[in-house]
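I have placed the structure first, in the form of structure tokens, so that the comments after it can refer back to it.
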Number of protein chains: 2
Amino acid sequence: MAAPKDPRPCSIADALALVGEKYSLLVLREVCLGNGRFDQLVRNIGAPRDVLATRLRRLVDAGILEKSAYSERPQRFEYRPTTAGLELEPVLLTLMAWGDRHLRKDDDRPMVIEHICGHELLPAVTCSVCGDTVQHEDLTAHPQAPGWTVAGPAEAKPSQTVPS
Amino acid sequence: MAAPKDPRPCSIADALALVGEKYSLLVLREVCLGNGRFDQLVRNIGAPRDVLATRLRRLVDAGILEKSAYSERPQRFEYRPTTAGLELEPVLLTLMAWGDRHLRKDDDRPMVIEHICGHELLPAVTCSVCGDTVQHEDLTAHPQAPGWTVAGPAEAKPSQTVPS
DNA sequence: ACTAGTGAGTAGGAAATCCAAACTCACCAT
DNA sequence: ATGGTGAGTTTGGATTTCCTACTCACTAGT
């Protein structure tokens with residue numbers, strides 16, 4: 001069964017297979033902002049219309065977006081996030097925060113998000129058990145598929161034995 | 001590269017331009033796991049070698065990875081995350097949590113991450129000011145570039161400037 | 001010295017995707 | 001009747017990706 005060339009089974013990879021194609025996350029951004037109509041998406045994202053149509057179909061099939069009519073007589077549609085789609089918003093927020101921090105000088109943020117608490121949103125990823133902000137050093141990965149090694153960063157874990 | 005008109009200025013788009021190409025985030029995943037050697041990356045990700053080489057060059061140029069020699073005599077390299085790269089890890093964790101929740105039935109998670117607090121990591125994105133978990137309804141977007149609307153059908157709010 | 005093996009890539013052409021503009025189709029407005 | 005809008009589809013060429021094979025530098029075994 002297993003060819004000598006099996007990538008690592010991983011939810012990140014699976015998620016990206018759905019949502020990692022070009023423009024998909026930007027579609028989600030617009031849709032979360034409430035701009036769910038086809039021409040708005042074309043304009044705000046700058047994607048070719050055919051590519052956009054393909055993405056939208058895929059995202060609807062995946063249950064991330066839903067297509068709803070906002071007008072019956074001249075049939076007009078609007079895409080909106082499903083619950084699953086909304087739950088991807090944190091990914092967008094985290095990515096935006098990273099971009100703001102590392103890709104822009106100073107404070108020229110093109111968009112600011114306000115939290116209901118009254119302040120600008122500065123998202124942090126925390127452990128939902130202890131509440132601490134997650135940091136790389138505090139994490140240990142446990143892959144469960146057999147045969148995969150997760151070498152510790154500086155930790156000598158000489159389990160290099162990967163029987164083909 | 002022919003960047004098509006990118007209408008909405010946005011840090012999400014900018015971040016994705018760097019890190020949103022196929023395999024880039026998987027490279028980061030492996031590198032954060034400590035598997036930074038070329039052939040490891042090829043095996044664990046399943047990417048063609050030439051594409052991988054291109055991605056690595058781009059990520060190094062962008063300051064997300066750095067290439068360090070772990071052996072001089074037979075020159076051998078290893079890619080490792082920079083600080084900027086490590087700060088992308090929360091994006092991966094958030095994406096993984098989403099994939100675990102929405103793409104997998106039950107508990108067949110291919111990888112479990114343990115937090116230093118002793119529990120399995122279930123990441124949550126929170127407002128770093130008030131500490132609450134962010135939810136879509138609690139957010140208001142303020143785009144600052146002129147001419148862009150963030151239409152909300154019920155949210156026809158005059159998007160005043162952010163209080164200074 | 002002569003093989004074989006490994007790590008880190010390049011080279012080349014077929015296959016898949018992407019892009020921009022033009023086109024459709026259905027409806028509404030003048 | 002003509003023009004306009006929304007939501008796509010078609011078309012055909014330009015890019016990217018994919019995949020196999022190849023190189024290059026070095027080491028290990030005999």
Side-chain angles (χ1 to χ4, degrees), chain A residues 3-7 13 16-27 30-31 34-61 65-80 149 151 160-164, chain B residues 1-7 13 16-27 30-31 34-61 65-80 149 151 153:
Chain A
K5 180 193 148 167
D6 272 355
L16 286 174
L18 273 188
V19 120
E21 289 172 304
K22 206 168 182 181
Y23 305 120
S24 293
L25 286 176
L26 298 181
V27 169
E30 288 302 316
V31 159
N35 301 328
R37 305 181 188 177
F38 193 84
D39 275 23
Q40 280 178 321
L41 292 170
V42 168
R43 279 193 300 277
N44 291 355
I45 296 173
R49 311 173 76 85
D50 62 339
V51 176
L52 190 59
T54 305
R55 294 296 177 273
L56 289 169
R57 227 165 314 170
R58 190 184 196 69
L59 291 171
V60 168
D61 287 353
L65 301 185
E66 63 186 1
K67 186 179 187 175
S68 71
Y70 66 88
S71 158
E72 272 309 334
R73 288 305 300 105
Q75 274 227 320
R76 291 298 134 82
F77 304 105
E78 181 186 20
Y79 292 89
R80 289 182 341 203
T149 56
Q160 248 300 357
T161 52
V162 179
S164 84
Chain B
M1 251 170 305
K5 49 211 171 333
D6 175 37
L16 287 173
L18 273 187
V19 120
E21 288 172 305
K22 206 168 181 181
Y23 305 120
S24 293
L25 285 176
L26 298 182
V27 168
E30 288 302 317
V31 159
N35 303 327
R37 305 183 187 173
F38 192 84
D39 275 24
Q40 282 178 320
L41 293 170
V42 168
R43 278 194 300 278
N44 291 356
I45 295 173
R49 309 175 78 85
D50 60 344
V51 176
L52 190 58
T54 305
R55 293 298 177 271
L56 288 169
R57 227 167 302 145
R58 189 183 197 70
L59 291 171
V60 168
D61 288 353
L65 302 184
E66 63 187 1
K67 186 179 187 176
S68 71
Y70 66 88
S71 159
E72 271 309 334
R73 290 302 299 104
Q75 274 226 319
R76 291 298 133 81
F77 304 106
E78 182 185 18
Y79 292 89
R80 289 183 342 202
T149 55

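Labels below follow one simple rule: chain letters A, B, ... track the order of the sequence lines, proteins then strands, and each chain is numbered from 1. Just so you know, these numbers use all the heavy atoms, side chains as well, and skip hydrogens, waters and symmetry mates. Bear in mind that the values here come from a model prediction, so they are computed numbers and not experimental data.
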Report summary line: Of D:dG8, C:dC28, C:dC19, the nucleotide closest to the side chain of A:A53 is D:dG8

Report summary line: Testing D:dT10, C:dC27, D:dC19 for proximity to the side chain of A:D50, the answer is D:dT10

**Report entry** A:R80 side, atom CZ; A:N35 side, atom CG - distance, nearest 0.5 Å
**Finding:** 13.5 Å

Query raised in the report: Roughly how many Å is it from CG in B:L41 to P in C:dA8, rounded to a whole number?
Result: 9 Å

Report task. Can you sort out the partners of B:R76 under salt bridge (Lys or Arg N to Asp or Glu O under 4.0 Å), two or more places apart, ordered by chain and number? Result -> none

Query raised in the report: If you check every side-chain atom of A:K67, which of D:dG8, C:dG7, D:dT17 has the closest atom?
Result: D:dG8

**Report entry** CG-CG distance between A:L18 and A:D61, expressed to the nearest 0.5 angstrom
**Finding:** 10.0 Å

Report task. Mind checking side chain to side chain donor-acceptor pair (under 3.5 Å) for A:D39 and listing every partner two or more places apart, or none if nothing turns up? Result -> A:R49

Report summary line: Ranking C:dG7, C:dA26, D:dT11 by distance to the side chain of A:R76, first place goes to C:dA26

Query raised in the report: Roughly how bent is the helix from C:dA1-D:dT30 to C:dT30-D:dA1 end to end, in steps of 10 degrees, with each end axis from five pairs?
Result: 0°

Query - Nearest to side-chain heavy atoms of A:R55, which nucleotide of D:dG8, D:dT17, C:dC18 - result: C:dC18

Query raised in the report: Atom CZ of A:R58 to atom P of D:dG8: distance rounded to whole Å?
Result: 18 Å

Query raised in the report: To the side chain of A:V51, which of D:dT9, D:dG8, C:dC18 is closest?
Result: C:dC18

Report task. Starting from P on C:dA20, measure out to CD1 on A:I45 and report it in whole angstrom. Result -> 14 Å

Query raised in the report: Can you list the steps and then say if B:V27 with B:L65 is a side chain to side chain contact (heavy atoms under 4.5 Å, CB included)?
Result: CA-CA 10 Å; B:V27 168; B:L65 302 184; 3.9 Å; yes

Query raised in the report: Donor-acceptor pair under 3.5 Å: do we get one between A:R49's side chain and the base of D:dG8?
Result: yes

Query raised in the report: Looking at the side chain of B:Y79, which of D:dC18, C:dG9, C:dC19 is the nearest nucleotide?
Result: C:dG9

Report summary line: From CD of B:Q75 across to P of D:dA25 the rounded distance in Å is 12 Å

**Report entry** Length of the line joining A:Q40:CD and D:dA7:P, which is rounded to integer Å
**Finding:** 8 Å

Report task. Evaluate the side-chain proximity of B:L41 to B:L56: yes if any heavy-atom separation is below 4.5 Å, no if none is. Result -> yes

Query raised in the report: To the nearest Å, how far apart are A:Y70 OH and C:dC27 C1'?
Result: 12 Å

**Report entry** Nucleotide nearest B:F38 when distance is taken to its side chain, options D:dG6, D:dT11, C:dG9
**Finding:** C:dG9

Query raised in the report: If you round to the nearest 0.5 Å, how far is CD of A:E21 from NZ of B:K22?
Result: 8.0 Å

Report task. Measure the distance from OH on B:Y23 to P on D:dC19 and round it to the nearest whole Å. Result -> 7 Å

Query raised in the report: For the pair made of CZ in B:R57 and C1' in C:dT10, what is the distance, rounded to whole Å?
Result: 9 Å

Report task. Can you see which heavy atom on B:I45 is nearest to which on B:Y23, and at what distance? Result -> CG2-CD2, 3.7 Å

Query raised in the report: Taking the side chain of B:K22 as its heavy atoms from C-beta onward, which of D:dC18, C:dA8, D:dA7 lies nearest to it?
Result: D:dC18

